[in-house]
Every structure is written in C-alpha cells, then in structure tokens.
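Take a look at the structure below.
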Amino acid sequence: MATMESLIGLVNKIQRACTVLGDHGGQGMSLWEALPSVAVVGGQSSGKSSVLESIVGRDFLPRGSGIVTRRPLVLQLHKTASGAEYAEFLHAPKRRLTDFAAVRKEISDETDRITGKTKQISNIPIHLSIYSPHVVNLTLIDLPGLTKVAVEGQSDSIVEDIENMVRSYVEKPNCIILAITPANQDIATSDAIKLAREVDPSGERTFGVLTKLDLMDKGTNATEVLEGRAYRLQHPWVGIVNRSQADINKNVDMIVARRKEREYFETSPDYGHLASRMGSEYLAKLLSQHLELVIKQRIPSIIAMINKTIDELNAELDRIGRPIAADGGAQLYMILELCRAFDRVFKEHLDGGRPGGDRIYGVFDHQLPAALKKLPFDRHLSLKNVQKVVNEADGYQPHLIAPEQGYRRLIDGSITYFKGPAEASVDAVHFVLKELVRKSIAETEELKRFPTLQTDIATAANEALERFREEGRKTVIRLVEMESSYLTVDFFRKLHAEPERKTERKPEKNANPPGPNDDLYHDHSLRRIGSNVSAYIAMVSDTLKNTIPKAVVYCQVREAKRSLLTNFYAQIGRREKERLSAMLDEDPHLMERRTQIAKRLELYKSARDEIDAVAWK
Ligand SMILES: Nc1nc2c(ncn2[C@@H]2O[C@H](COP(=O)(O)OP(=O)(O)OP(=O)(O)O)[C@@H](O)[C@H]2O)c(=O)[nH]1
C-alpha cells in the first residue's frame with residue numbers, strides 16, 4: 001500500500017512539474033495527458049464544490065452566484081502523517097496557508113488575475129495542494145459548471161466555451177470522470193451524464209455521484225439510480241449528502257458535516273443497506289483506489305511515452321545546438337572551432353565541392369580578355385594621333401633618324417590603358433570572394449545559432465579581403481608600370497632589320513630622314529610607327545593577360561585561402577571573457593527554446609527516475 005500511495009504522490013509531483021512548464025494538456029501529446037487524473041463535472045449548482053470540500057474535509061472554495069469556477073482548479077491532496085494541515089498554491093510556492101478562508105480568497109483572486117473580473121473563463125489551471133491527515137492521496141480537477149444560459153456580462157459563447165473546456169479534459173482517455181448530478185433532478189437531463197456518455201460510452205472511467213439526496217421530494221428515493229438500474233456505469237454510483245445552504249450559512253464544520261452525512265445513510269430507511277458504499281469519505285477512498293489502479297496499469301505506457309519524449313527532446317537539442325560553455329577558454333575554443341567550420345566551407349567554394357570558385361576563372365578567361373580587346377588602341381594609334389605624338393615628342397627639333405621619343409611616348413600612352421582592365425580584374429575577384437564569404441557564413445550549419453559571431457566573421461573576412469584587394473591592385477598596377485619602365489628590346493631589334501628590307505623597295509634610295517614636306521613618305525612612315533607600336537602593345541597585352549591573373553590569385557585568392565581570419569584570430573585571442581560570450585550571443589528565441597527543452601528534459605528524466613524508483617520497489 002505504501003507503494004500505491006507513493007504512486008499517487010509521484011503523479012502529483014509530475015503534474016505539478018508539468019504545470020510549471022506550461023504543460024497542462026490541450027496542446028498535443030504531453031506528459032500531463034499521459035497521467036491519470038480525476039475531473040469533476042456537473043451542471044451549475046449540482047454540488048461540485050460541496051463534493052470537493054467534503055472530500056477534503058475543508059471549506060475553501062469560492063461561493064457565489066453565477067459561474068464561480070472560471071479556471072480549472074487542480075487540487076492535489078496529500079495525506080500527511082503529522083497533524084499539520086495547510087494549503088499551498090503552485091503560483092505562490094513556499095507560502096503555507098493554514099487559514100482556508102485565505103485559500104478561498106486566493107483562488108478567487110488568482111482566477112481574476114487571468115480572466116479579469118469579466119466573468120470570462122480560462123483554461124489555464126490553478127494548482128492547489130492540500131496537505132492534511134484527513135485526506136487521501138488524490139488529484140481532482142474542478143471545472144466550471146456546465147450551464148445552459150449566459151448571464152449578464154458574459155458573451156453568448158460562454159455556454160459553448162465552458163462545454164468545450166470541460167470536454168477537453170474529460171475526452172482524454174486517462175481522465176477519470178466524476179459526474180455530479182443532483183438527486184432532485186431527472187437523471188436523464190443531467191448535463192454531467194450527458195457529457196460523460198458522449199466521451200466515455202462504455203462508462204469505464206465514469207463515476208456517477210448523486211448529490212442532494214436529502215432534498216428529494218418526500219416519498220421518493222434514488223435507489224433506482226444508486227443501485228445502478230436507472231443508468232448503468234461500470235463503477236457503482238455514490239450518493240452524497242452535502243451541507244445545505246443553511247448549514248453553510250451557519251458555518252457548520254466540515255468534519256461535523258461528514259459525521260452527519262454518515263449518520264444520514266446509516267439511519268436512512270431507503271439507503272441503510274447501501275450505507276457502507278455511500279458518502280463523501282467513501283467516495284474519496286473509492287477514487288483514490290481507482291486512481292492507484294489506473295496509474296499502475298498506465299505505468300508501462302507512461303514510461304514508454306517518457307522515453308520517446310526524451311529522445312525527441314534530445315534530438316531537438318542536438319538540432320538547435322547544445323548550450324555554450326561558461327568559461328572563457330572553452331568559449332574561445334568554441335569560437336575558433338566555429339571560425340574553422342566557416343573557413344572549411346569557404347575553401348570548398350574556392351577549391352571545388354561547392355560552387356562559386358569557378359567564377360574567378362571566369363574573370364580571367366572572359367572578362368579580362370574581353371576588356372583588353374576593347375581598349376581604344378585604334379584611336380590612340382590613329383595616323384592623326386601618331387603624328388601628333390611624334391611631332392610633339394621632339395619639340396621644335398626635326399627628328400633625325402627614328403622618332404625614338406615618339407615611339408616611347410606612344411607605347412607609354414598605350415600601356416597606361418591596361419591599368420583599367422587590370423584593376424577591374426582585381427575588383428571582380430574581390431566581389432566574387434566577398435560573395436563567397438557571405439554564402440559560406442550562411443551555409444555554415446554550426447554558425448546558424450550565433451548571429452553576432454556571423455556578423456563578426458563577416459566583418460573580419462571583409463576587412464581582410466579589402467586588404468588583399470589593395471595588395472592586388474598595387475601589384476597589377478606595378479605589372480603594368482613595369483611594362484613601360486623597360487621595353488622588350490628584341491622586338492625593336494627585329495623591327496630594325498625589317499625596315500631595311502622594306503626601304504629597299506622605295507624609289508628614292510637615299511637614307512635621308514623624311515623631310516616635313518615629303519607627305520607621302522611621311523604618312524607611310526607614321527603608319528609604320530603606328531603598326532609597330534600596335535604590334536608591341538599586342539605583345540604586352542598577351543603578357544598581361546597571363547600575368548594579371550597570376551598577380552590576382554597570388555595577392556587575393558591565395559591569401560583568402562591562407563589568412564582570411566588570421567587577424568581575427570589574433571584579435572579574439574586577446575579578448576576578455578565578457579566580449580567572447582557576447583560574440584556567442586544567440587538568437588533570444590533559440591535560447592528561450594533551449595531553456596524550455598532543457599527544463600522539460602529534466603522533468604521527463606526525473607519523472608522516469610521516480611517512476612522507476614516507485615514502481616518496481
Ligand atoms: N441540502 C443540500 N444542499 C446541497 C447539497 N449539495 C449542494 N447543496 C447546496 O447546493 C448549492 C450549490 O452547491 P455547490 O456545491 O456550490 O454547487 P456547484 O456545482 O459547485 O455550483 P457552481 O460552482 O456554482 O456551479 C449550495 O447552496 C449547497 O449548499 C446537498 O447534498 N444537500
């Protein structure tokens with residue numbers, strides 16, 4: 001029996017824990033719903049509160065007209081060995097109330113706290129524990145009385161709302177229904193029986209309770225019902241005589257009332273033969289025993305449900321990530337691990353495995369050659385411009401042998417054009433890399449929970465890329481400038497040999513420099529200069545087409561792979577613990593969710609442990 005009592009105590013404990021977690025049924029499968037409970041159901045003024053109070057042996061429920069019970073009251077009764085008798089609300093733990101008038105007031109205040117004074121109803125339960133030597137271990141849920149009409153100040157939907165709330169409790173297969181019907185009403189019209197029949201047609205979890213036996217018309221009795229002939233249930237009907245309104249007004253003590261109830265049955269000519277199975281004390285014992293039995297039957301399925309939930313919660317925790325360590329070293333380690341995870345993804349983008357790196361090749365293979373081809377050399381090396389540059393090069397002096405300065409200026413001028421495509425390649429690759437950083441951050445699964453760290457990594461990586469871009473730009477400009485700083489002499493040596501041959505075919509075979517008046521010759525010569533320079537520039541262009549990509553890869557891509565976060569690592573290595581934990585700030589919703597899951601996990605695990613300890617003792 002000790003085991004049995006601790007079973008109910010255990011369920012009480014788990015129920016309370018469920019409520020702390022906001023897990024009071026209603027939403028999907030919960031531990032709460034797996035636990036058996038007893039719900040008190042009845043029409044208004046059928047005597048629900050009176051039954052509850054006499055089971056408890058205390059006067060503590062709010063009374064009044066209209067709908068007094070507007071939130072479910074989860075009443076957990078704990079039998080104590082010592083004489084202490086007190087009540088405790090879950091919403092005000094550690095406040096032991098010994099004055100039951102204060103309990104009544106608190107129930108009513110707490111109801112108003114959620115529903116306002118509007119007479120609305122709420123399905124958030126109030127949890128009350130009563131510790132007393134006069135009770136049996138039992139959990140009862142008091143629900144609003146079923147009603148047929150809304151009263152002043154209530155919405156029309158209240159009738160339906162109450163019925164829905166009550167139904168949401170009693171339809172659960174683990175709910176034991178305490179269906180209260182006043183004896184002075186026709187059983188066929190009982191709201192409680194009507195609802196019970198609907199959700200429990202076989203009557204296996206319904207306990208029929210008949211109140212107000214003393215108020216029946218003279219000459220009538222309820223033996224038809226109490227002996228199970230009027231309406232058959234699997235469990236025996238229990239008749240009750242509660243305090244009348246007059247008794248309540250006279251403050252008749254509950255214990256006295258219990259005694260009077262016992263006497264009523266013992267001396268009743270109608271119910272004397274049923275006396276041992278009547279009354280609120282008997283009802284309490286009956287319910288307690290039944291509850292124990294049900295709990296025992298349900299234990300395997302409760303354990304299975306708990307285990308399944310633990311697995312699910314663990315899986316969800318894994319998915320959203322475990323909580324972060326508190327000490328600085330561990331946090332630094334975690335940050336570095338996360339950075340490395342990002343870095344891995346980033347490298348995969350560059351080296352293949354993930355898309356994006358190929359766009360860098362695209363810059364070199366299409367964009368750069370196309371830009372080089374588009375450079376306006378035609379214009380720069382037009383006859384007119386060649387003439388202008390060549391003439392200007394030697395000032396007032398006519399050139400004597402070859403327009404050396406003219407050549408150099410034309411070449412220099414042309415080479416300058418290469419700076420544009422060179423820098424454009426640097427920029428294009430920079431943007432590809434930047435985009436890959438953004439993508440890699442988004443794709444790094446481990447980083448998902450840490451929006452702050454995501455931003456930090458993005459900032460650090462972009463800063464590094466900016467530095468690499470600067471380096472790349474300097475290097476490609478240098479490549480271009482190198483081309484003008486020292487020309488490829490071979491090219492001109494070859495040129496030198498060529499004109500000899502060509503001039504041979506000229507009519508005037510004098511080696512005289514062309515005079516300013518010799519227009520035909522002059523044009524021809526300028527054209528040759530233009531085409532020579534153009535050929536040289538084409539050669540430079542080919543060279544740069546090859547060297548610019550090398551410079552860009554060397555300065556930007558290679559560095560990005562090698563040292564994208566190097567500075568960042570150095571920075572965070574010096575950071576204080578506070579700043580490290582700030583970097584690991586998570587999405588607040590996620591943190592909240594994790595805390596919730598962790599709490600539930602704890603509840604379910606301790607529930608499992610306790611069930612193990614109690615059930616197999
Ligand atoms: N004489 C007598 N009066 C009873 C009995 N049971 C309840 N009453 C009276 O009936 C009235 C209603 O009883 P409650 O226990 O408040 O009924 P309830 O179902 O809780 O009512 P609501 O919460 O308002 O729906 C009170 O005045 C009680 O004194 C009984 O067995 N005999």
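In this chain, numbering begins with 1 at the start of the sequence shown. Hydrogens, waters and symmetry mates play no part in the numbers below; they use all other heavy atoms, side chains included. Both counts, for ligands and for their atoms, begin at 1 and track the order of listing.
Here K448 pairs with E445 in a salt bridge; the nearest charged N to carboxylate O distance falls below 4.0 Å.
Of the listed residues (N249, N242, D142), the one carrying the non-hydrogen atom nearest atom 6 (N) of ligand 1 is N242. Counting heavy atoms only, S50 comes closest to atom 7 (C) of ligand 1 of the residues S50, A192, P62. Compare M216, E261, K48 by their heavy atoms: the one nearest to atom 19 (O) of ligand 1 is in K48.
The distance from ligand 1 to the heavy atoms of V241 drops below 4.0 Å at these ligand atoms: 31 (O). For ligand 1 and G43, the ligand atoms under 4.0 Å from any heavy atom of the residue are 19 (O). Those atoms of ligand 1 with a heavy atom of S45 less than 4.0 angstrom away are 12 (C), 17 (O), 18 (P), 19 (O), 21 (O), 22 (P), 25 (O). Close approach of ligand 1 to Q245 is summarised as follows: ligand atoms under 4.0 Å from at least one heavy atom of the residue are 26 (C), 27 (O), 29 (O). Under a 4.0 Å criterion applied to the non-hydrogen atoms of G47, ligand 1 contributes the atoms 7 (C), 13 (O), 14 (P), 15 (O), 17 (O), 18 (P), 19 (O). Heavy-atom proximity to D214, at under 4.0 Å, picks out these atoms of ligand 1: 1 (N), 2 (C), 30 (C), 31 (O), 32 (N). Close contacts between ligand 1 and Q44 involve ligand atoms 25 (O) [criterion: under 4.0 Å to a heavy atom].
Summarising the geometry, atom CG belonging to N123 is positioned 10.5 Å from atom CG belonging to L143; distances are rounded to the nearest 0.5 Å. For the atom pair CG (L75) and CD1 (I55), the distance works out to 9.0 Å, reported to the nearest 0.5 Å.
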Exercise for the section: Apply salt bridge (Lys or Arg N to Asp or Glu O under 4.0 Å) to the pair E281 and K285, showing each step before the final yes or no. Expected result: CA-CA 6 Å; E281 263 178 293; K285 276 196 202 99; 5.0 Å; no

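Of the heavy atoms in L61, none comes closer than 4.0 Å to ligand 1. The proximity of R243 to ligand 1, defined as any non-hydrogen pair under 4.0 Å, is limited to the backbone.
For the pair F89/I126, a side-chain contact is recorded, criterion being any heavy-atom separation below 4.5 Å from C-beta on. Between I320 and R449, the closest side-chain pair of non-hydrogen atoms is not below 4.5 Å. Between R70 and P144 the shortest side-chain heavy-atom distance does not fall below 4.5 Å.
Side-chain atoms of S54 and E261 include no donor-acceptor pair closer than 3.5 Å. In this structure, a donor-acceptor pair under 3.5 Å is present between the side chains of N221 and T223.
Ligand 1 is never approached by G42 to a heavy-atom distance shorter than 4.0 Å.
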